[in-house]
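To start, the structure under review is shown below, and the notes come after it.
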Amino acid sequence: MSARLKHVAVIGGGIGGLCLAQGLRRAGIPVTVYERDRSADSRLQGFRLNIEPTGSTALRACLPPALWEVLVATSGDPGPGISFRDERMRPLVRIGRDDGRKPDPLDPTAGRHAVSRVTLRKILLAGLDDVVRFGKECTGFVRADDGTVTAAFADGTTATADVLVAADGAGSRVWGQLRPEAGRTTLPATAVAGKLFLTEENRRWLPEPLLAGMNAFWPRQDFLFTAVFRRRENPAAINARLGDRLRALGLEPERLLEDSHDDDYILWAFIAHRDALPGFTAKDQVDPVAVREMLARRTTGWHPDLRRLLADSTPDTLYQTEFRAAQPLRPAETGNVTGLGDAVHQMPPVGGLGGNTALRDAHRLRTALIAADRGEQPLSRALHDYETDMLHHGFDTVREVVRNTDAAIDRNPLRRTAIRWFFRTCGAVPPLGRAVFGEG
């Protein structure tokens, strides 16, 4: 029978690393997270993340039940499926079933959740005050003959554990040391995203499709994605319903919920081929005037409401980025160092697949470590099985996202017309749509 795990060290306090820490803590396995940020509020910004059933299943398994319910309550309903439309807002095809039935949002296999990244991070940190160490930048690791591994940090300290997990995102030093052949590719795409907050005035002119859920616009050039985010419950209602259960966990509901009042808004992301925007590259500081001028040029002839959505968005919410993707890796000999999320299989931020894949990794790794801790499987075998599955699924997802990105920025007019025709045909012939996309 294998010895119990004495310590798991997680490098990185992103959503994957914190989800794993919550799951191990819940299973009684000692764990410490080492995060290079200086404090818990270093990342209180960003857009919302669509949590799909895969991510929901991971969070439901890893979080205490009360925290899972807070996550669901503070999230928004992203709506059933996604509608593909042309630049004049004419429908092409809808992916996702819309039969009028409301899924149980607490059922992780059925619910989808538009989660505030600020609130998600606060929930994942809740109850981990004695687990997360801030200001710890990992510089590398050394394995010992006794089966342990020691991580070194930039401040001169070290930490020894039975298992070391690279969860510190793209450019991870731990994963880079473990798999020095790992590479990344910059894709020929540039994206700009922003928010239009939902005010009474905006609600009067915004068309129903933009207020109803997620939309993918497939113009004759470029690509636009929109999603509406409305909270399910306000903080006061959540506190009244779940406050006692949170306090029983030693948590302060008011502190946990103070940032969950993020105003409702429409998120949009505009993606174009980098060569179509000469001189327009991702920068640390976004120039709102330049972004708006670029969008106005690229969207000539689009539906006026789409153009107004882009033009009226709050300037300080504009975000610009380029896309990078990890190059595929094959499984290798597995020891007591592994990884998850973007540290291993970085992918462009398209469709929220990166975040959901990181959560899936955390859930699968937790299951493997529990099996090893209970003596159901040797640690080396449990980690080998986890890593084989993680690499296969992760890089399959990378390939899917890269394909979708390539299609979105394709500048060949014949191919773009063919795709629009194909989408329109699938929308007009429901059995074909169900056969192609798996749903009607």
Given R232, E52, R48, the one that forms side chain to side chain donor-acceptor pair (under 3.5 Å) with H113
R232
Exercise: identify the closest heavy-atom pair between F217 and P219
O-CD, 3.0 Å
Where the side chain of T314 meets the backbone of D316, is there a donor-acceptor pair that is under 3.5 Å apart?
no
salt_bridge(D77, R231) N-O dist < 4.0 Å
no
Assess whether a salt bridge exists between D406 and R415, defined as any Lys/Arg side-chain N lying under 4.0 Å from an Asp/Glu carboxylate O.
no
Near W205 CH2, under 6.0 Å, is it more than 12 heavy atoms from other residues, nucleotides or ligands?
yes
Look at the side chain of N50 and the backbone N and O of G352, then say whether any donor-acceptor pair between them is shorter than 3.5 Å.
no
Heavy-atom side-chain proximity of T190 to T321 below 4.5 angstrom
no
Quick check: does any side chain N or O of K122 sit under 3.5 Å from a backbone N or O of R255, one acting as donor and the other as acceptor?
yes
Enter the distance from T300:OG1 to E87:CD here, rounded to the nearest 0.5 Å.
11.5 Å
Checking D37 side chain against S39 main chain: does a donor-acceptor pair fall under 3.5 Å?
no
Within-4.5 Å side-chain heavy-atom neighbours: V192 and W268
yes
Side-chain contact, heavy-atom cut-off 4.5 Å: T334 with T388?
no
Thinking salt bridges, do R330 and E181 make one under a 4.0 Å N-O criterion?
no
Between D410 and R416, does at least one N-O distance fall below 4.0 Å, as a salt bridge requires?
no
Residues forming a salt bridge (charged side-chain N to carboxylate O under 4.0 Å, His left out) with R399, sequence neighbours excluded:
D396
Apply the test ring pair (Phe, Tyr, Trp, His ring centres under 6.0 Å) to residues W218 and F223: give CA-CA distance (whole Å), side-chain angles for both, the deciding distance (0.1 Å), then the verdict.
CA-CA 6 Å; W218 205 274; F223 176 84; 5.7 Å; yes
Test your reading of the model: is there a side-chain donor-acceptor pair from R230 to the backbone of L211, 3.5 Å cut-off?
yes
For a quick test of reading the model, state the closest non-hydrogen atom pair linking A126 to Q22 and the distance between them.
O-NE2, 2.9 Å
Identify the heavy atoms of A58 and H363 that sit nearest to each other, and give their distance.
CB-CB, 3.5 Å
Salt bridge (charged side-chain N to carboxylate O under 4.0 Å, His left out) assessment of D312 paired with R307:
CA-CA 9 Å; D312 287 4; R307 290 169 60 84; over 6 Å; no
Side-chain heavy atoms of L18 within contact of V132, under 4.5 Å:
yes
How about N202 and T199: does a side-chain donor come under 3.5 Å of a side-chain acceptor?
yes
Would H345 and W175 count as a close aromatic pair, with their ring centres under 6.0 Å?
no
Give a yes or no on whether the backbone of P91 and the side-chain of R94 come within a donor-acceptor separation of less than 3.5 Å.
no
For residues 59-72, which residue pairs pass the salt bridge (charged side-chain N to carboxylate O under 4.0 Å, His left out) check, not counting sequence neighbours?
E69-R241, E69-R245
Pairwise side-chain contact, L67 with L256, heavy-atom cut-off 4.5 Å (strictly under)
yes
Here the pair of heavy atoms bringing E387 nearest to V337 is OE1-O, 4.1 Å
Do the side chain of D264 and the main chain of L198 share a donor and acceptor less than 3.5 angstrom apart?
no
Lys/Arg-Asp/Glu bridge criterion (N-O < 4.0 Å) met for D305, R308
no
Would you say that L206 contacts I266 through its side chain, given a criterion of any heavy-atom pair below 4.5 Å between the two side chains?
yes
Using the salt bridge (charged side-chain N to carboxylate O under 4.0 Å, His left out) rule, collect all pairs that involve residues 290-302, keeping only residues at least two apart or in two chains.
D222-R298
Check: A27 main-chain N/O paired with R366 side-chain donor or acceptor under 3.5 Å:
no
Answer yes or no: is there a side-chain heavy-atom contact under 4.5 Å between R88 and P304?
yes
Locate the shortest heavy-atom distance separating P348 from L187; write the atom from each residue and the value.
CG-CD1, 3.5 Å
To check you understand the geometry: which heavy-atom pair defines the closest contact between V344 and G339, and what is its length?
CG2-C, 3.6 Å
